[in-house]
Amino acid sequence: MSRLPVTLRDIEAAQELLAGVIARTPIEESRALGRLIGANVWLKCENLQRAGSFKVRGAYTRMAKLTPAERARGVVAASAGNHAQGVAVAASRLGIQARIFMPLGVALPKLAATRGHGAEVVLHGHNVDEALTEAKRYADETGAVFVHPFDNVDVVAGQGTIGLEILEQCPEVDTILMGVGGGGLLAGVAVAVKARARELGRTIRIIGVQAENAAAYPPSLAADALVPLTKVSTIADGIAVGRPGQLPFSIIRELVDDVVTVSEDSLARALIFLLERTKMVVEPAGAVGVAALLDGKLTENGALPGNTAVVLSGGNIDPMLMLKVIQRGLAAAGRYLVVRMLLDDRPGSLATISRIIAESDANVTGVDHTRVGGSISMGDVAITINMETKGDEHCEQVLSNLRAEGFQPVVIQG
């Protein structure tokens, strides 16, 4: 532990620095989730943090240590959302001018929130990597201090304060799960929890979770070297990082017990679960730990879940993305079904389909009816029907009833 670039003492110092600046977010027991996995489960609600995520912890810790001369030069950062808002809030609190480079396609609520916290926002590039390159160029050109989102000792120490809070709020915890992108949060929490557990003579597992389409850590840990991804594509934009940070990686490979992955459908289901059962608005990146629990990732190797805490790392979700994720999550859970069928273009065909669906106890929410298309023959019509269903078995019953009447439904979503 003493050889690591960030120590428990660094994190304790960050905790003192952040007192009165950040919110001490609540930790709530989820009995619904606990019943599903056979364990006691607590949710650390960083989605309720200032600026909507844990990022303000690291940003403030980094920026509060700047010299007067550095503060006068201002700070610069690049982000698609959470880090941008964390830096903006910290800069406003410390009286530092902040310039944030954000991609051209950034969600409007995140753009407005960052500007609302007082930062100057410059739209540049089509992704975070291009914005990051421009932010570094600006720092080199002007002398502004570049605030990295995860590859910095003070940032890691600030994020690690979450680990200390979890141990104070839930001292019986055996396992802690959280999302990982660049690795700052996972590395900081691992240092804090492992060191404090060692002092107490206890063993506490730390597990990172990545979206399977943005999972750079499993191959990097297997190779014991940074392995960048050639492509990153996930709804969990908050952890869509193609290359681990060198500093966090050096800690994670020493302290973290495992890094697992979850699918996009699992992320969508987890978000729906949190909305319905815990009344929490959480972004996909903040829901990956819950997705891992729902997928049984904690018990794959025969380990017992025990007392488990999950970090809900952020709640900054664009409403349009939420709409898409909810639809995908309902479909993945068998509660939303979209089918397409060809039928004779004659009176009564649509009425017959409506009758079958009604008798199957499904609810139609949308219908698209067209006679034009390359695959549509003269005398035929294509119909796409969206419906609410009650689970996978119910979906199969609806499809079976349609086929029994001579129709050939093709599942588009569900």
Side-chain angles (χ1 to χ4, degrees), residues 3-7 10-11 14 46 53-63 65 75-84 86-87 90 100-101 127-136 139 145-163 178-194 206-211 214-232 234 236-261 285 288 311 313-314:
R3 299 191 307 272
L4 295 175
V6 178
T7 68
D10 295 327
I11 297 171
E46 280 295 290
S53 88
F54 71 97
K55 287 288 189 176
V56 67
R57 295 174 182 262
Y60 188 90
T61 302
R62 168 80 172 101
M63 293 162 60
K65 294 185 177 183
V75 299
V76 61
S79 168
N82 289 347
H83 181 57
V87 169
I100 314 291
F101 288 86
N127 53 53
V128 176
D129 287 338
E130 292 179 8
L132 192 62
T133 298
E134 183 64 13
K136 290 178 178 178
V145 178
F146 177 66
V147 181
H148 200 284
F150 48 81
D151 215 353
N152 176 271
V153 292
D154 293 322
V155 170
V156 170
Q159 321 301 32
T161 58
I162 294 175
M178 71 213 74
V180 51
L185 172 64
L186 182 61
V189 171
V191 170
V193 172
K194 292 291 187 177
I206 304 294
I207 298 176
V209 187
Q210 291 200 294
Y217 264 93
S220 296
L221 292 169
D224 197 28
L226 300 186
V227 179
L229 301 176
T230 58
K231 182 181 179 181
V232 172
T234 176
D237 58 342
I239 54 173
V241 179
R243 185 179 187 275
Q246 181 64 64
L247 187 149
F249 178 77
S250 68
I251 296 172
I252 289 169
R253 68 181 175 183
E254 295 293 328
L255 298 182
V256 171
D257 295 277
D258 199 5
V259 176
V260 300
T261 63
V288 291
V311 180
S313 55

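All residue numbers in this chain count up from 1 along the given sequence. Side chains included, hydrogens not; waters and symmetry mates left out as well; all remaining heavy atoms used.
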Taking only distance into account, with no hydrogens and no angle test, what donor-acceptor pairs under 3.5 Å do side-chain atoms of residues 218-226 form with protein atoms, sequence neighbours excluded?
| unit_1 | atom_1 | unit_2 | atom_2 | d |
| --- | --- | --- | --- | --- |
| S220 | OG | A216 | O | 2.7 |
| S220 | OG | V227 | N | 2.9 |
| D224 | OD1 | R253 | NH1 | 3.1 |

Please name all residues satisfying side chain to side chain contact (heavy atoms under 4.5 Å, CB included) with A90, sequence neighbours left out, ordered by chain then number. A59, Y60, M63

Listed by chain and number, what are the side chain to side chain donor-acceptor pair (under 3.5 Å) partners of T234, not counting sequence neighbours? E264

What residues, two or more places apart in sequence or in another chain, satisfy salt bridge (charged side-chain N to carboxylate O under 4.0 Å, His left out) together with E130? none

CD1 of I162 to CG of L186, rounded to nearest 0.5 Å, is 11.0 Å

K194 side chain reached by D257 side chain, heavy atoms, under 4.5 Å: yes

S53 side chain to G314 main-chain N or O, any donor-acceptor pair under 3.5 Å? no

Under a 4.5 Å cut-off applied to non-hydrogen side-chain atoms, are V155 and P149 in contact? no

Tell me, please, which residues at least two apart from F101 pass ring pair (Phe, Tyr, Trp, His ring centres under 6.0 Å). Y138

Side chain to side chain donor-acceptor pair (under 3.5 Å) involving D151 - partner list, sequence neighbours excluded: none

Across all chains, not counting sequence neighbours, the side chain to side chain donor-acceptor pair (under 3.5 Å) partners of Q246 are none

With a 3.5 Å distance limit and no angle check, can you tell me whether H83 reaches the backbone of F150 through a side-chain donor-acceptor pair? no

Look up atom CE in M178 and atom CG in L185, then write down how far apart they are to the nearest 0.5 Å. 5.5 Å

Looking at residues at least two apart in the chain, or sitting in another chain, which of them share a salt bridge (charged side-chain N to carboxylate O under 4.0 Å, His left out) with K65? D154

Which pair of non-hydrogen atoms, one from G160 and one from A192, has the smallest distance, and what is that distance? O-CB, 3.5 Å

Can you sort out the partners of Y217 under ring pair (Phe, Tyr, Trp, His ring centres under 6.0 Å), two or more places apart, ordered by chain and number? none

Those residues at least two apart in sequence (or on a different chain) that pass side chain to side chain donor-acceptor pair (under 3.5 Å) with T161 are R57

Check: V156 and L247 side chains under 4.5 Å, non-hydrogen atoms: yes

On a heavy-atom basis, which atom in A285 and which in S313 lie closest, and how many Å separate them? O-OG, 3.7 Å

How many angstroms lie between OG1 in T61 and CD1 in I11, if you round to the nearest 0.5 Å? 10.0 Å

Smallest separation among heavy atoms of F146 and A135, with atom names: CE1-CB, 4.0 Å

Partner set under side chain to side chain contact (heavy atoms under 4.5 Å, CB included) for V260, not counting sequence neighbours: I207, V209, D258, A292, K297

For L4 and L255: C-alpha separation, side-chain torsions, deciding distance, then whether side-chain contact (heavy atoms from CB on, under 4.5 Å) applies. CA-CA 10 Å; L4 295 175; L255 298 182; 3.5 Å; yes

Salt bridge (charged side-chain N to carboxylate O under 4.0 Å, His left out) pairs, two or more places apart, involving residues 240-252: none

Within-4.5 Å side-chain heavy-atom neighbours: D10 and V153: no

Between R62 and V87, is the side-chain contact (heavy atoms from CB on, under 4.5 Å) condition met? List the steps. CA-CA 10 Å; R62 168 80 172 101; V87 169; over 6 Å; no

Got a second to check how far H148's NE2 is from K136's NZ, nearest 0.5 Å? 5.0 Å

